[in-house]
Amino acid sequence: MSAKTYEVRTYGCQMNVHDSERLSGLLEDAGYVPAPKDAEGADVVVFNTCAVRENADNRLYGNLGQLAPKKAARPGMQIAVGGCLAQKDRDTIVKKAPWVDVVFGTHNIGKLPVLLERARVQEEAQVEIAESLEAFPSTLPTRRESAYAAWVSISVGCNNTCTFCIVPALRGKEKDRRPGDILAEIETLVDEGVSEITLLGQNVNAYGSDIGDREAFSKLLRACGKIEGLERVRFTSPHPRDFTDDVIAAMAETPNVMPQLHMPLQSGSDTVLKAMRRSYRQERFLGIIEKVRAAMPDAAISTDIIVGFPGETEEDFEQTLHTVRESRFAQAFTFQYSKRPGTPAAEMEGQIPKEVVQARYERLVALQEEISWEENKKQVGRTLEVMVAEGEGRKDDATRRLSGRAPDNRLVHFTRPEEPVRPGDMVTVEITYAAPHHLLAEGPVQAVRRTRAGDAWEKRNAAPAAKPAGVMLGLPTIGAPAPSPAPAAGCGCD
């Protein structure tokens, strides 16, 4: 009898992407295997949902509706819904889509295999939502998507009360992992071949508030610098309120912490920031940018911005444009405000007409596009060491190029070298052309450095698919970021 197959469909932020790696690990630990990409369907389909956008529930129920006839025609097929929308809607999901077998929340993802089996045996839907975290998710089996880079969660939950964000209500208060557990996971990953890690938290630089150490995050960055074989360290997403001088110093003084920072702005208007219940103002934000640039002149800084928050005037929006001009972001993930059900902002007066929001959004995107291009042009002529990536360049096959990430996380397309290179290997290239969202190195590759990460990728892809044992490796491929109204870095809620 062949093993049952599964598919996990993920929506939302990096937290959800990493949670989906754990859901995959749990299912494979229970004997399921990934459904082939060309398969008609899977025996188990799991939706890992996001509740950040206004139409998140419509999207979910539309997808569930499409699966209903497939399930009816496939005896034994099961459907599970987890994530933030499941945490919020609970019993509503089974009422609207009675063919769903399991509903689970953000705090008990480890229960998925048990709930699927219980639903099968009892022949009725299982809805189980925990109100608080049952076990830190990093203790669960993880089926990582890549062999050379990995998410490492350092905390879950958020203590902020931003009026546009429902995440704290669904993810709970911040809970930090012990530093020793984090470093032990990183060391295990490096031993397996990983050379890049991204520290992950809903409010990553608030790390330490739960364990009573205000400098815990900077200490963690410095500790990562002492791990032999760990070449690149990144983190996302920080909050300006918690971005302290000791963190800037740790970034600048720790060689493997990359010169890259994603710092959510949300708005440049002090009035709007106050209405958003953000605990900083424009002057504080620009002061952080100035300090980062003084310590790391080559740092690439990206951000999140919400356009059209309730009550936003033309003057408020001009303040956002001013802050963008001053900040010189390498990239911005721009969002048109949409009501998050259950948030204070959804009930505020002064909701902005859609056409006004759209017009402001287009002006902001045009400005940021211009700045991104100007900042990228400054990279022309530089020699960079690029980590070869998997699946980053959609046109790579047609152009005979490969793609990778520079230290500052800019996407680089480069000429394919004569000697074979693998994802995770390093190449040295000279940048010859800049576009708003990528760089080109059209000349020959100057050097190739084969790495243990490349070895790990080669080993994984040479071996037949097998049931993973505990923690595996990697970071899911996320394409070149571009301004978009869709959730990207941090869902715009950091």
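Below, each value reflects all heavy atoms present in this structure, side chains not excepted, and no hydrogens, waters or symmetry copies.
Proximity of M426 to V388: side-chain heavy atoms (C-beta onward) are nowhere separated by under 4.5 Å. The side-chain heavy atoms of Q202 and E174, taken from C-beta on, include no pair separated by under 4.5 Å. You'll find the side chain of E21 stays beyond 4.5 Å of the side chain of T10, heavy atoms only. Using a 4.5 Å cut-off on side-chain heavy atoms (C-beta onward), Y6 and L26 make no contact. No side-chain heavy atom of T254 sits under 4.5 Å from any side-chain heavy atom of V233. Annotation: side chain of L220 is in contact with side chain of Y207 (closest heavy-atom distance under 4.5 Å). The shortest distance between side-chain heavy atoms of L23 and F104 falls below 4.5 Å. Within the 4.5 Å cutoff, the side chain of W151 has no heavy atoms near those of the I197 side chain.
For E215, the salt bridge (charged side-chain N to carboxylate O under 4.0 Å, His left out) criterion is met by no residue, not counting sequence neighbours. In this view, F309 and Y337 satisfy the ring-ring contact (aromatic ring centres under 6.0 Å, His included) rule, not counting sequence neighbours. N256 meets the side chain to side chain donor-acceptor pair (under 3.5 Å) test with no other residue; sequence neighbours excluded. Legend: residues meeting side-chain contact (heavy atoms from CB on, under 4.5 Å) with V127, ordered by chain and number and at least two apart, are D91, V94, V103, I129. Partners of E7 under the side-chain contact (heavy atoms from CB on, under 4.5 Å) rule, at least two apart in sequence or in another chain, are R9, A42, V45. For E124, the side-chain contact (heavy atoms from CB on, under 4.5 Å) partners are Q122, Q126, not counting sequence neighbours. Q78 is linked by a side chain to side chain donor-acceptor pair (under 3.5 Å) to nothing, counting only residues two or more places apart in sequence or in another chain. Scored by the side chain to side chain donor-acceptor pair (under 3.5 Å) test, R450 finds no partners at all (sequence neighbours excluded). Scored by the ring-ring contact (aromatic ring centres under 6.0 Å, His included) test, F235 finds F217 as partners (sequence neighbours excluded). Looking at residues two or more places apart in sequence or on another chain, you find no side chain to side chain donor-acceptor pair (under 3.5 Å) involving D89.
Between E458 and R452, none of the side-chain N atoms (NZ, or NE/NH1/NH2) sits under 4.0 Å from a carboxylate O, so this pair counts as no salt bridge. Between D425 and R449, no side-chain nitrogen of the basic residue sits less than 4.0 Å from a carboxylate oxygen of the acidic one, so the salt-bridge criterion is not met.
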Would you sort out whether R241 and N160 count as a side-chain hydrogen bond (donor to acceptor under 3.5 Å, both in side chains), showing the intermediate values? CA-CA 10 Å; R241 182 194 67 185; N160 292 319; 2.8 Å; yes
Does H262 form a side-chain hydrogen bond (donor to acceptor under 3.5 Å, both in side chains) with S302? I'd like the steps, not just the answer. CA-CA 5 Å; H262 183 78; S302 57; 2.8 Å; yes
Derivation of the side-chain contact (heavy atoms from CB on, under 4.5 Å) call for I288 and M263: CA-CA 9 Å; I288 294 171; M263 179 70 78; 3.7 Å; yes
Applying side-chain contact (heavy atoms from CB on, under 4.5 Å) to L230 and C224, what does each step give before you reach the verdict? CA-CA 8 Å; L230 179 59; C224 287; 4.2 Å; yes
For the pair R214 and D246, evaluate salt bridge (charged side-chain N to carboxylate O under 4.0 Å, His left out) and give the outcome as yes or no after the intermediate values. CA-CA 10 Å; R214 291 179 58 85; D246 61 296; over 6 Å; no
What do the steps show when you test N159 against N203 for side-chain hydrogen bond (donor to acceptor under 3.5 Å, both in side chains), and what is the final call? CA-CA 8 Å; N159 293 337; N203 183 11; over 6 Å; no
Walk me through it: do R460 and E192 pass the test salt bridge (charged side-chain N to carboxylate O under 4.0 Å, His left out)? CA-CA 11 Å; R460 172 187 280 200; E192 295 288 349; over 6 Å; no
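Sorted by first and then second residue, the salt bridge (Lys or Arg N to Asp or Glu O under 4.0 Å) pairs with a member in residues 93-104 read K71-D101; sequence neighbours excluded. Screening residues 74-88 for salt bridge (Lys or Arg N to Asp or Glu O under 4.0 Å) gives D43-R74 as the qualifying pairs, with residues at least two apart or on separate chains.
In this structure a side-chain-to-backbone donor-acceptor pair under 3.5 Å is present from D176 to D210. At least one donor-acceptor pair under 3.5 Å links the side chain of N108 to the backbone N or O of G105. Checking side-chain atoms of Y148 against main-chain N and O of D455 turns up no donor-acceptor pair under 3.5 Å.
A distance of 10.5 Å separates OG1 of T161 from CZ of R278, quoted to the nearest 0.5 Å. The structure places CZ of R59 at 12.0 Å from CG of L64, a figure rounded to the nearest 0.5 Å.
Side chain to side chain, Y11 and N63 meet the donor-acceptor criterion of an N or O pair below 3.5 Å.
Remark: E253 CD is packed, more than 12 non-hydrogen atoms of other residues, nucleotides or ligands lying under 6.0 Å away.
The one candidate from M258, E196, R232 that meets the side chain to side chain contact (heavy atoms under 4.5 Å, CB included) condition with R405 is R232.
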